[in-house]
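So the structure is just underneath, and the comments pick up after that.
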Amino acid sequence: MQRIRLRYTKRGRLRFTSHRDFQRAFERALRRAEVPMAYSAGFTPHPKVSYANAAPTGTGSEAEYLEIALTEACDPDKLRELLDESLPTGLDIAEAVEARTSGLADRLTASVWELRLDGVELADAERAVAAFKTADTVEVQRRTKNGLRTFDARPAVASIEAHDGLAAHDARADRPTDQPCAILRLVVRHVTPAVRPDDVLSGLRAVADLAPPVPAAVTRLAQGLFDEETGTVTDPLAPDREAVTAAPPVSRGATGPATATAGGTSQALEALGEKPEGPA
């Protein structure tokens, strides 16, 4: 059984799709692309798809991850192309790599978020960020199914910075740019209870009375393992790429070092699903 890990995006208006909406669209794409999926056992078999730490509804993302199990070996790049063609524009398969390591979910310990605050002056955003950084605690409230919950959002925020949104404008933005705009970049650890971008905005309102006139446009730029020394978030698929690169050449029936014999080369190509070339 082969396992493939995918990075996908939620862009534009499709950031408003829920996680369940994406699941339905992705399962239809699997059928449309005729992917040889492995299925669970039982009376209602389901494709073996593992989703990891999906972004909240209404937020865009450049770094969502999932893993699928296949009954036949497939080329990850070709699989990515087939699935990307079978999904609507905005839900895009950006990357595919064969799973050669374990614990993908364990490598998703932090996220990099961008919050676009239209109508907010950069100076006001910088003042609020400074107040947030110096605060020992930033208590916020969130309504849950068990009622209103109060928790401290400050420890989860590893870094937060304010930037000029007009200077950093890119072509994908779907908001007007003829007004003041500030952009917040923050790194948030994945803790319990989870601290979301809207919780950070609530914290900025609490410590500095920062209240954007329109809802913030929120995008997850990256997620992965948080490096405490550098304060950066590393690529969670890097270990799988490195494992593929470092994999030794396939050799059958050899007890010593691999030898480059004609028979060995043919067997190796067959093991990789490729057809060896005939004599010139």
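This one's a predicted model, so the numbers in the text were calculated from it and none came from an experiment.
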Problem - Side chain Arg80, main chain Ile93, donor-acceptor under 3.5 Å - result: yes

Fill in the blank from the handout: Quick note, ring pair (Phe, Tyr, Trp, His ring centres under 6.0 Å) partners involving residues 68-112, not counting sequence neighbours, are none

Problem - Residues that Phe26 engages under ring pair (Phe, Tyr, Trp, His ring centres under 6.0 Å), provided they are two or more places apart - result: Phe22

Handout entry: Pairing residues for Arg24 by the side-chain contact (heavy atoms from CB on, under 4.5 Å) criterion, not counting sequence neighbours
Key = Arg20, Asp21, Arg28

Exercise for the section: Might you confirm whether atom CZ of Arg32 has over 12 heavy atoms from other residues, nucleotides or ligands at distances under 6.0 Å? Expected result: yes

Practice task
With sequence neighbours excluded, tell me which residues meet side-chain contact (heavy atoms from CB on, under 4.5 Å) with Asp152.
Solution key: Thr137, Val138, Arg154, Pro155

Exercise for the section: Verify, without hydrogens or angle tests, whether Arg3 (side chain) and Glu67 (backbone) share a donor-acceptor contact under 3.5 angstrom. Expected result: no

Exercise for the section: Applying side-chain hydrogen bond (donor to acceptor under 3.5 Å, both in side chains), name anything that partners Asp124, two or more places apart in sequence or on another chain. Expected result: none

Exercise for the section: Mind checking the CZ-OG1 spacing from Phe16 to Thr57? Nearest 0.5 Å is all I need. Expected result: 10.5 Å

Exercise for the section: Apply salt bridge (Lys or Arg N to Asp or Glu O under 4.0 Å) to Arg107 and list each qualifying residue two or more places apart in sequence or on a separate chain. Expected result: Asp240

What pairs of donor and acceptor atoms, side-chain ones from residues 219-227 against any protein atom, are under 3.5 angstrom apart with sequence neighbours left out?
| residue | atom | partner | partner atom | Å |
| --- | --- | --- | --- | --- |
| Arg220 | NE | Glu64 | OE2 | 3.1 |
| Arg220 | NH1 | Ser111 | OG | 2.9 |
| Arg220 | NH2 | Asn53 | O | 2.8 |
| Arg220 | NH2 | Glu64 | OE1 | 3.4 |
| Arg220 | NH2 | Glu64 | OE2 | 2.8 |
| Gln223 | OE1 | Asn53 | ND2 | 2.9 |
| Gln223 | NE2 | Ala63 | O | 2.9 |
| Asp227 | OD1 | Glu229 | N | 2.9 |
| Asp227 | OD1 | Thr230 | N | 3.3 |

Fill in the blank from the handout: For Thr101 and Ala243, the nearest pair of non-hydrogen atoms, with its separation, is CG2-CB, 4.4 Å

Practice task
Check whether any side-chain N or O of Asp92 sits under 3.5 Å from a backbone N or O of Ala94 as a donor-acceptor pair, and report yes or no.
Solution key: no

Handout entry: Glu34, CD atom: more than 12 neighbouring heavy atoms under 6.0 Å
Key = no

Practice task
Report the residues that fulfil salt bridge (Lys or Arg N to Asp or Glu O under 4.0 Å) with Lys133, sequence neighbours left out, ordered by chain and then residue number.
Solution key: Glu161

Practice task
Go through Leu83 and Leu30 one step at a time and tell me if the side chain to side chain contact (heavy atoms under 4.5 Å, CB included) criterion holds.
Solution key: CA-CA 7 Å; Leu83 287 173; Leu30 290 172; 3.7 Å; yes

Practice task
Please name all residues satisfying side-chain contact (heavy atoms from CB on, under 4.5 Å) with Leu201, sequence neighbours left out, ordered by chain then number.
Solution key: Leu115, Leu117, Leu204, Ala216

Exercise for the section: Examine distances only and state if a side-chain atom of His190 and a backbone atom of Leu108 form a donor-acceptor pair shorter than 3.5 Å. Expected result: yes

Practice task
For Asp235, check salt bridge (Lys or Arg N to Asp or Glu O under 4.0 Å) against everything at least two apart and list the hits.
Solution key: Arg241

Practice task
Evaluate the criterion side-chain hydrogen bond (donor to acceptor under 3.5 Å, both in side chains) for residue pair Glu62 and Thr9; output intermediate values, then yes/no.
Solution key: CA-CA 5 Å; Glu62 296 295 313; Thr9 69; 5.2 Å; no

Practice task
Would you name the heavy atoms of Pro180 and Glu121 that are closest together and state the gap between them?
Solution key: CG-OE2, 3.4 Å

Completion exercise
For Val187 and Val233 the tightest heavy-atom approach is CG1-CG2, 3.9 Å

Handout entry: Step-by-step side chain to side chain contact (heavy atoms under 4.5 Å, CB included) determination, Val140 to Arg196
Key = CA-CA 11 Å; Val140 299; Arg196 305 181 308 206; over 6 Å; no

Problem - side-chain contact (heavy atoms from CB on, under 4.5 Å) against Leu70, all qualifying residues, sequence neighbours excluded - result: Gln2, Ile4, Val35, Met37, Ile68, Cys74, Leu79

Handout entry: Sidechain-backbone polar pair: Ser61 side chain, Lys10 backbone, donor-acceptor under 3.5 Å
Key = no

Problem - From CD (Glu126) to CG (Leu184), nearest 0.5 Å - result: 10.0 Å

Completion exercise
Residues passing the ring pair (Phe, Tyr, Trp, His ring centres under 6.0 Å) test with Tyr51, sequence neighbours excluded, are His19

